[in-house]
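Below you'll find the structure, written out as structure tokens, and then a few comments.
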Number of protein chains: 2
Amino acid sequence: MNIFIDNKSGTPIYNQIYTRLKNLIISGELKRDDALPSIRALAKDLRISFITTKRAYDELEKEGFVYTVPAKGCFVAAKNTELLREENLKSIEEHIDCIVRLAASCNLSREEVLSMVSFGFEQ
Amino acid sequence: MNIFIDNKSGTPIYNQIYTRLKNLIISGELKRDDALPSIRALAKDLRISFITTKRAYDELEKEGFVYTVPAKGCFVAAKNTELLREENLKSIEEHIDCIVRLAASCNLSREEVLSMVSFGFEQ
DNA sequence: TTAACTGTATATAATCAATATATACAGTTT
DNA sequence: AAACTGTATATATTGATTATATACAGTTAA
């Protein structure tokens, strides 16, 4: 499964697992309805508590990347790219809201902001 | 001085003081080189530890809104509006960076993002 | 010069969220 | 029945946040 834990890195174990699996799903290495390793098998493999792998899977499920069936296992959900796109759009909207508020509080016009954004894409 | 503490609100005391003073400075009610109440006097007034008022003042100083002179007091710094503008610009840049990254990961073009931003200003 | 004020520095206590875990439970498969 | 699956509950540890006391050192003005 190629998941490695770096105990020295500051990021929590459950987060490392979550990120790695998410990338595997997004990149397509794990396809729709593929079974993920069971939380216990993966935990045994990584020599950590299965509660920790469960947490990573819970996060993945909460964000719609996987679905789990009690007593059966955890599987890659469909429509991940659409889901990711929706999430990103929502996130972008939030950033824009912040920008609009900040711009207002320092008298920055729409045009000035637009040129800043446009410039941001050139970097 | 009109500073009130709401113990029921979730925001920390030092933060309430910080926000209130910052608003007084930005709005111009406290002008350049005006003396703020001493950390001890304010603490006595609010019936809290002066360490807490000190923390609020430390935050204000770190962000450039006030300067303190040991054994003399704490005073409103100059150029607050310019400073605020700079801070806001930096913050906007950061939001733009995030947006650019998000847009890239879901194949959103510069033009699409620009129209989203433009739309954001209409709300 | 001393009393009363200013801010500073260090150490500490309480609280809370985050992280990781063990254990007991219940359903599925073979 | 044995061996697997995920679930639920309770708990321990850690670290950051918040608020504090106490001892210190400089300034001011009687």
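Letters A, B, ... are given to chains in the order of the sequence lines, protein chains preceding strands, and every chain is numbered from 1.
- Separating the CZ atom of A/R55 from the C1' atom of C/dT21 is a distance of 12 Å, rounded to the nearest angstrom.
- Taking atom CG on A/D58 and atom C1' on D/dT9, their separation rounds to 14 Å, with Å as the unit.
- Between B/T68 and the phosphate of C/dG7, there is no side-chain N or O to OP1/OP2 separation shorter than 4.0 Å.
- A sub-4.0 Å separation between OP1 or OP2 of D/dC4 and a side-chain N or O of A/S38 is absent.
- Taking only side-chain atoms of A/P70, from C-beta outward, the nucleotide of D/dT7, D/dT5, C/dA20 with the closest atom is D/dT7.
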Any chance you could lay out the side chain to side chain contact (heavy atoms under 4.5 Å, CB included) test for A/M116 and A/L108, step after step, and finish with the verdict? CA-CA 11 Å; A/M116 284 175 73; A/L108 214 60; 4.0 Å; yes
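- In this entry the distance linking CG of B/L42 with P of C/dT6 reads 11 Å, nearest Å.
- If you check the side chains of A/D58 and A/Y18, you find no donor sitting under 3.5 Å from an acceptor.
- For the OP1/OP2 pair of C/dT29 and a distance below 4.0 Å, the side-chain nitrogens and oxygens of A/K72 include at least one atom meeting the criterion.
- Minimum heavy-atom separation, A/K8 to A/D6: N-OD1, 2.9 Å.
- Nearest nucleotide to the A/A41 side chain, out of D/dT5, D/dG6, C/dA22: D/dT5.
- Rounded to an integer number of Å, the gap from CG of B/N7 to C1' of D/dT20 is 15 Å.
- Remark: B/R40 is not in phosphate contact with C/dC5, judged by side-chain N or O atoms under 4.0 Å from OP1 or OP2.
- Within 6.0 Å of the CZ atom in A/R110, the count of heavy atoms belonging to other residues, nucleotides or ligands exceeds 12.
- Checking C/dA20, D/dA19, C/dG7 against every side-chain atom of B/C74, the shortest atom distance belongs to C/dG7.
- In this structure, A/Y57 reaches neither bases nor backbone, as no heavy-atom distance under 4.0 Å exists between it and the strands shown.
- Atom pair A/Y18:OH and C/dA18:P shows a separation of 16 Å (rounding to whole Å applied).
- Remark: B/K54 is not in phosphate contact with C/dG7, judged by side-chain N or O atoms under 4.0 Å from OP1 or OP2.
- Going from atom CG of A/D45 over to atom P of D/dC4 covers 15 Å, rounded to whole Å.
- Between B/R47 atom CZ and D/dT20 atom C1' there is a gap of 18 Å when expressed in whole angstrom units.
- Heavy-atom nearest nucleotides on DNA chain C were determined for A/Y14 and for A/F50, and the one closer to the 5' end corresponds to A/Y14.
- Rounded to whole angstrom, the span from the CD1 atom of A/I51 across to the P atom of D/dA12 amounts to 15 Å.
- Judged by distance alone, the side chains of B/E112 and B/S109 do bring a donor and an acceptor atom under 3.5 Å apart.
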